[in-house]
Enquirer: 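Dropping a structure here in structure tokens format, bear with me for questions.
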Amino acid sequence: MKAAPFAYVRPGSVPDVVAELAAGAGEDAKILAGGQSLMPVLAMRLGRPGVLVDINAVPDLGAVTVAGGTVRVGATVRQREAQSAPETENVPLLRMSLPWVGHREIRGRGTVCGSLAHADPAAELPAVACCLGATLSVVSVRGHREIAARDFFAGPLTTVLEPDELLQAVSFPAAAPGDGFGFAEVARRHGDFALAGVAVRAGPGGEATVACFGVADRPVVWDGADRAGAADFAAEAVTAGDAQAGTGYRRHLIRQLIVAELDRATAASLDGGES
């Protein structure tokens with residue numbers, strides 16, 4: 001199939017982008033960055049936006065920067081760029097997760113912020129953002145706002161972004177001394193959608209955060225220091241079942257993944273950090 005007709009604009013600055021979004025909000029304007037999720041949707045006519053706003057000509061959106069203990073990833077930074085950028089060495093969990101995102105060719109074009117905005121329940125990066133307590137920077141003609149990752153995802157393929165807002169960047173906290181991390185997922189083949197997956201951070205004080213994906217309509221997060229409680233969390237985390245895997249099987253998977261990756265992250269924390 002082919003996409004339904006749409007208008008195309010390629011602004012060169014953030015103010016121009018948000019102006020185009022405001023003007024096209026009534027026509028269901030959509031952002032085009034990497035397009036790895038958007039283009040298949042258009043081709044199958046599952047979405048019919050009136051306007052595509054291509055943000056790839058905006059130089060301000062293509063940088064990875066470090067400031068104030070955070071690593072800021074702009075809206076057009078490709079996933080492979082983020083994986084190899086020197087600045088992301090301070091965000092080990094992000095680097096651990098990126099090789100699991102789709103296939104190499106997808107990561108060469110797909111963006112970090114695009115994956116977050118798409119909000120696929122089986123995607124890796126939303127869970128990583130929730131696990132680390134990332135902050136998403138959003139801008140429109142009405143102003144700027146910062147949204148905690150845990151408040152950003154509203155359901156499957158749904159976020160709290162308004163139609164005229166641009167996800168400008170995501171800021172990940174840099175790892176603290178003694179932080180350890182774990183990441184794992186189960187899929188039928190590498191690059192397929194995850195049947196279940198976890199992102200884990202363990203701190204030097206015994207505290208931990210576990211974010212599960214592929215098991216509910218959005219990332220599900222647990223915070224605590226009770227390791228038994230983390231494993232038991234699997235029973236309440238899993239609400240999704242389908243033809244690929246039922247809820248019972250997903251509960252089994254996620255419990256095993258939580259235990260293994262929490263052990264890995266805790267051991268890394270005791271050894272001085274990372275994984």
Side-chain angles (χ1 to χ4, degrees), residues 1-14 16-25 27-64 72-85 88 94 97-129 136-140 152-153 156-170 187 190-194 213:
M1 295 183 67
K2 296 182 179 179
F6 56 82
Y8 172 84
V9 293
R10 188 178 171 90
S13 68
V14 171
D16 288 343
V17 169
V18 296
E20 293 287 357
L21 289 175
E27 299 179 322
D28 192 22
K30 293 295 183 183
I31 294 290
L32 173 62
Q36 298 305 289
S37 299
L38 178 61
M39 300 314 292
V41 168
L42 296 182
M44 292 184 286
R45 298 201 175 192
L46 297 175
R48 300 190 180 199
V51 183
L52 284 191
V53 183
D54 187 340
I55 63 174
N56 286 286
V58 183
D60 297 345
L61 301 179
V64 182
R72 181 180 172 92
V73 179
T76 59
V77 174
R78 312 301 174 190
Q79 292 155 2
R80 287 191 68 187
E81 292 174 343
Q83 185 178 347
S84 60
T88 62
L94 177 63
S97 66
L98 281 168
W100 295 89
V101 178
H103 300 282
R104 180 181 61 185
E105 293 78 10
I106 298 295
R107 296 192 296 274
R109 189 65 187 169
T111 63
V112 173
C113 286
S115 178
L116 297 174
H118 188 55
D120 192 306
E124 296 83 359
L125 297 183
V128 169
L136 293 89
S137 300
V138 173
V139 63
S140 71
F152 185 72
F153 305 100
L157 308 180
T158 307
T159 71
V160 298
L161 278 175
E162 297 293 338
D164 63 341
E165 289 183 317
L166 166 68
L167 174 53
Q168 188 173 12
V170 56
H190 182 77
D192 282 2
F193 292 110
F213 59 96

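Note that the structure is a prediction, hence the values are computed from the model and not measured.
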Enquirer: Flag the pair S137 / V139 as yes when at least one side-chain heavy-atom distance between them is below 4.5 Å, and no otherwise.
Expert: no

Enquirer: Taking all atoms of both residues into account, what is the closest heavy-atom pair of F213 and A122, and its distance?
Expert: CD1-O, 3.5 Å

Enquirer: I'd like to check V17 versus I31 (side-chain heavy atoms, cut-off strictly below 4.5 Å). Are they in contact?
Expert: yes

Enquirer: Checking side chain to side chain contact (heavy atoms under 4.5 Å, CB included) for the pair R72/Q168: CA distance, chi angles, key distance, verdict?
Expert: CA-CA 10 Å; R72 181 180 172 92; Q168 188 173 12; 4.1 Å; yes

Enquirer: Side chains of V112 and E81: does their closest heavy-atom pair fall under 4.5 Å?
Expert: no

Enquirer: Is the backbone N or O of V9 less than 3.5 Å from a side-chain atom of D54, with the two atoms forming a donor-acceptor pair by type?
Expert: no

Enquirer: With sequence neighbours excluded, tell me which residues meet salt bridge (charged side-chain N to carboxylate O under 4.0 Å, His left out) with D192.
Expert: R189

Enquirer: Could you check D60, T76, D16 and say which one makes a side-chain contact (heavy atoms from CB on, under 4.5 Å) with I55?
Expert: T76

Enquirer: Specify the closest pair of heavy atoms between A119 and T159, including all atoms of both residues, with the distance to one decimal.
Expert: CB-CG2, 3.6 Å

Enquirer: Measure the OG1-CG distance between T88 and L98 for me, rounded to the nearest 0.5 Å.
Expert: 7.5 Å

Enquirer: In Å and rounded to the nearest 0.5 Å, what is the CG to CD distance from L166 to E20?
Expert: 12.5 Å

Enquirer: Would you check if E165 and L167 make a side-chain contact, meaning some heavy-atom pair closer than 4.5 Å?
Expert: no

Enquirer: Can you name the nearest heavy-atom pair linking P126 to F153, along with the distance?
Expert: CB-CZ, 3.4 Å

Enquirer: Does the side chain of R48 come within less than 4.5 Å of F6's, by heavy atoms?
Expert: no

Enquirer: Out of curiosity, D120 CG to H118 NE2, how far, rounded to the nearest 0.5 Å?
Expert: 5.0 Å

Enquirer: Shortest non-hydrogen contact from S115 to A123?
Expert: OG-CB, 4.1 Å

Enquirer: Hey, are the side chains of V77 and C113 touching, using non-hydrogen atoms and a 4.5 Å cut-off?
Expert: no

Enquirer: To the nearest 0.5 Å, what is the distance between CD (Q79) and CZ (R104)?
Expert: 14.5 Å

Enquirer: Would you say that R109 contacts R78 through its side chain, given a criterion of any heavy-atom pair below 4.5 Å between the two side chains?
Expert: yes

Enquirer: What closest approach, in Å, do G74 and A169 show between heavy atoms, and which atom pair accounts for it?
Expert: CA-CB, 4.1 Å

Enquirer: Please report the closest heavy-atom contact between F193 and A187, naming both atoms and the distance.
Expert: O-CB, 3.7 Å

Enquirer: To the nearest 0.5 Å, what is the distance between CG on L94 and CG on L125?
Expert: 6.5 Å

